[in-house]
Novice: 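Let me begin by handing over the structure; questions about it come next.
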Amino acid sequence: MQLFHCPFCGARDETEFHFGGEAGNLRPDGADAPADRWANYLYMRDNPKGAVREVWVHMNCGEFFVMERDSVSHQVLSSTSLDGAGHAQ
Amino acid sequence: MTRRYSALSLIKEGLAGQKGWQPAWRSPEPKKIYDAVVIGGGGHGLATAYYLARSHGVTNVAVLEKGWIGGGNTGRNTTVVRSNYYYPESVAIYGLAHRLYEGLSKELNYNVMLSKRGMVFLCHSTGEMEIGARTVNAMQINGVDAEMFSVDDVRRVAPVLNFAPDARFPVFGGVWQGRAGTARHDAVAWGYARAASALGVDIIQNCEVTDFIVEGGRCRGVQTSRGTIRTDRIGMAVAGHSSVLSAKAGLRLPINSYALQACVSEPIKPILDTVVLSPGTGVYVSQSDKGEIVIGGALDRVPSYGQRGNLPTLEGVISGLLEMFPAFGQLKLMRQWAGIVDVVPDSSPIIGESPLPGLFLNCGWGTGGFKAIPAGGTLLAHLLATGKHHDISRPFDLDRFVTGRLLDEAAGSGIAH
Ligand SMILES: Cc1cc2nc3c(=O)[nH]c(=O)nc-3n(C[C@H](O)[C@H](O)[C@H](O)COP(=O)(O)OP(=O)(O)OC[C@H]3O[C@@H](n4cnc5c(N)ncnc54)[C@H](O)[C@@H]3O)c2cc1C
Ligand SMILES: [Zn+2]
């Protein structure tokens, strides 16, 4: 069992967390954004091998946060609350 | 020297001290230029090369594999072959694959050990029985063989299941496909490689594609760990590594890579001669010809390129297995492994020319592309040879993510992942 760090609750079992998507994937502004811009936002992913920056949710406290980790070794490098206001691990 | 495999060649080679067997495929040095190049020596890549040569007469072809052929998901999968999907588009593609599988050993002169032992999707409640009936009706309308099984039918094909009334997931019945079954995964890769090689295809192992050559807005070749190779038609079938490779061409795909695990028990006497899948526990099971119980389940929950698998998922799969088959509690697990699968939001494959002209995609098979290998090969070969979609591959083009015409088999046929 791997431990992930929730910036609010500390180290918890990986099963308490849910993957939310790649960090920095911004929703298009306004309904008149072209279809391929929506497709990019909704479906297209970088899906990198190695260093990743992702949004995760800790399902127990319900907080979303950014986790930096390695998608090959699964080593976690940092967990930061979404407002970036600290609590970093 | 043996070129064709047969009972007679076995006897002849036996009498001659087994000295006449040839390597099943040639391993030539890569040429500088080919008519077509296929990246990825899994089942889909090898089948593509074979059908290019056999159906389209394009024989100046190379398959470039970074490791050894079949060393990706093709050699790691749990080998279930079936075609009971929901949407007509899916039925067309998986049905084509299933029919080709039925003639494959003969076509390739290589025994892929297709065993049509049947498969039952269990239903664990009256609600699931109703959904099961809807699924069966939809499949029959699409011309797929599917049958509703009562609990007695299930007991007949898999008496070792837990039928106790107080079971956590009691068996109410199931959806049966009699033509479903298993095939030998390595044999599918090796059989296509051997047949393609005999038609002139170069199978090049230990050759990693590291970049694409782009000239005049078209893909004109690849850089590899064994030098530059030029070609105007490139097919890519690299499964879980599709995003990594397409990034080199400046493309993004609707794919997340995850580990999918499987494991096998020690070999035991025959006890289960069909494939059983339980959507309730998320576990599916069959028994290999060697006697091992082959166990598969849900995807890992952490996006990953680590070909290992995480413990919580394995734990969930094993507890589901023991709930379904209490008798298996005595078994020892022999091996556990994982493959990196290419998961797409609508659980359907991506086949077609990429936004970079000259580069064609065959990916997104996720957790279920072994059964589709003959179709994936046929369709990518058609695209590479003609530059155009086959009617069957058209709905699976990447453009569906812009038009919104998704083929959601997760919702349609209840693929858990
Ligand atoms: C545990 C598990 C169980 C499964 N069970 C089933 C099942 O029961 N039924 C079913 O239908 N499907 C199943 N699948 C899915 C199935 O295995 C895959 O969908 C299918 O094998 C994909 O075939 P492929 O040829 O596209 O990919 P692969 O067999 O993975 O081949 C891709 C190849 O590309 C090579 N490659 C990658 N990058 C490069 C590069 N840069 N240069 C050169 N080569 C490269 C890799 O080394 C690899 O050999 C399962 C998968 C797993 C992991
Ligand atoms: Zn928390």
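Chain A is the first sequence line, chain B the second, and so forth, proteins listed ahead of strands; every chain is numbered from 1.
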Novice: Under 3.5 Å, is there a donor-acceptor pair between the A:Glu14 and B:Asn310 side chains?
Specialist: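 Distance-only check passes for A:Glu14 and B:Asn310.
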
Novice: NE2 of A:His74 to CG of B:Asp300: how many Å apart, nearest 0.5 Å?
Specialist: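 Rounded to the nearest 0.5 Å, the NE2-CG separation comes to 7.5 Å.
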
Novice: Please find the pair of heavy atoms, one from A:Met44 and one from B:Leu398, that lie closest to each other, and give the distance.
Specialist: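 A:Met44 and B:Leu398 have their closest heavy atoms at CE-CD1, 4.3 Å.
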
Novice: Is B:His241 close to A:Asn47 at the side-chain level, that is, under 4.5 Å between some pair of heavy atoms?
Specialist: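 Answer no - side chains too far apart.
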
Novice: Give a yes or no on this: more than 12 heavy atoms of other residues, nucleotides or ligands lie within 6.0 Å of atom CZ of B:Arg218.
Specialist: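 Atom CZ in B:Arg218 is packed in, count exceeds 12.
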
Novice: Which residue out of A:Ser71, A:Pro34, A:Gly50, A:Pro48 racks up the most heavy-atom pairs below 4.5 Å with chain B?
Specialist: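 Ranked by heavy-atom pairs under 4.5 Å with chain B, first place is A:Ser71.
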
Novice: Is there side-chain contact between A:Asp46 and B:Arg252, with heavy atoms separated by less than 4.5 Å?
Specialist: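 A:Asp46 reaches B:Arg252 side chain to side chain.
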
Novice: Are any of the side-chain heavy atoms of B:Pro254 and A:Arg45 separated by less than 4.5 Å?
Specialist: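 A side-chain contact is absent here, since even the closest heavy-atom pair is not under 4.5 Å.
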
Novice: With B:Val302 as reference, evaluate A:Glu54, A:Arg69, A:Gln2 under the side-chain contact (heavy atoms from CB on, under 4.5 Å) test and give the passing residue.
Specialist: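 Single pass found, and it is A:Arg69.
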
Novice: Side chain, backbone, both or neither: which part of A:Phe4 has an atom under 4.5 Å from a heavy atom of chain B?
Specialist: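 It is the side chain, since no backbone atom gets that close.
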
Novice: Side-chain contact test, heavy atoms from C-beta onward, threshold under 4.5 Å: evaluate it for B:Leu311 versus A:Met1 and give yes or no.
Specialist: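 A side-chain contact is absent here, since even the closest heavy-atom pair is not under 4.5 Å.
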
Novice: Compare all side-chain heavy atoms of B:Arg301 with those of A:Phe19 and state whether any distance is below 4.5 angstrom.
Specialist: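 A side-chain contact under 4.5 Å is absent here.
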
Novice: Where on B:Leu314 is there a heavy atom nearer than 4.5 Å to chain A: the side chain, the backbone, both, or neither?
Specialist: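 No part of it gets close to chain A.
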
Novice: If we define contacts as heavy-atom pairs under 4.5 Å, which of B:Ser242, B:Ser257, B:Ala259, B:Gly306 has the most with chain A?
Specialist: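 Looking at each option in turn, the highest pair count goes to B:Ser257.
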
Novice: Need one label for A:Asn40: side chain, backbone, both or neither, based on atoms under 4.5 Å from any heavy atom in chain B.
Specialist: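 Contact with chain B: backbone and side chain both.
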
Novice: Could you check if a side-chain atom of A:Tyr43 sits within less than 4.5 angstrom of a side-chain atom of B:Val402, using non-hydrogen atoms only?
Specialist: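 A side-chain contact is absent here, since even the closest heavy-atom pair is not under 4.5 Å.
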
Novice: Can you confirm whether more than 12 heavy atoms, excluding those of A:Arg37, are under 6.0 Å from its CZ atom?
Specialist: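 Above 12, so yes.
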
Novice: Go through the atoms of B:Pro345 and report whether side chain, backbone, both or neither lie under 4.5 Å from a heavy atom of chain A.
Specialist: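 For B:Pro345, the side chain is the part near chain A, not the backbone.
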
Novice: Measure distances from B:Leu253 to the heavy atoms of chain A and classify the residue's part below 4.5 Å as side chain, backbone, both or neither.
Specialist: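 Contact with chain A involves the backbone of B:Leu253 alone.
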
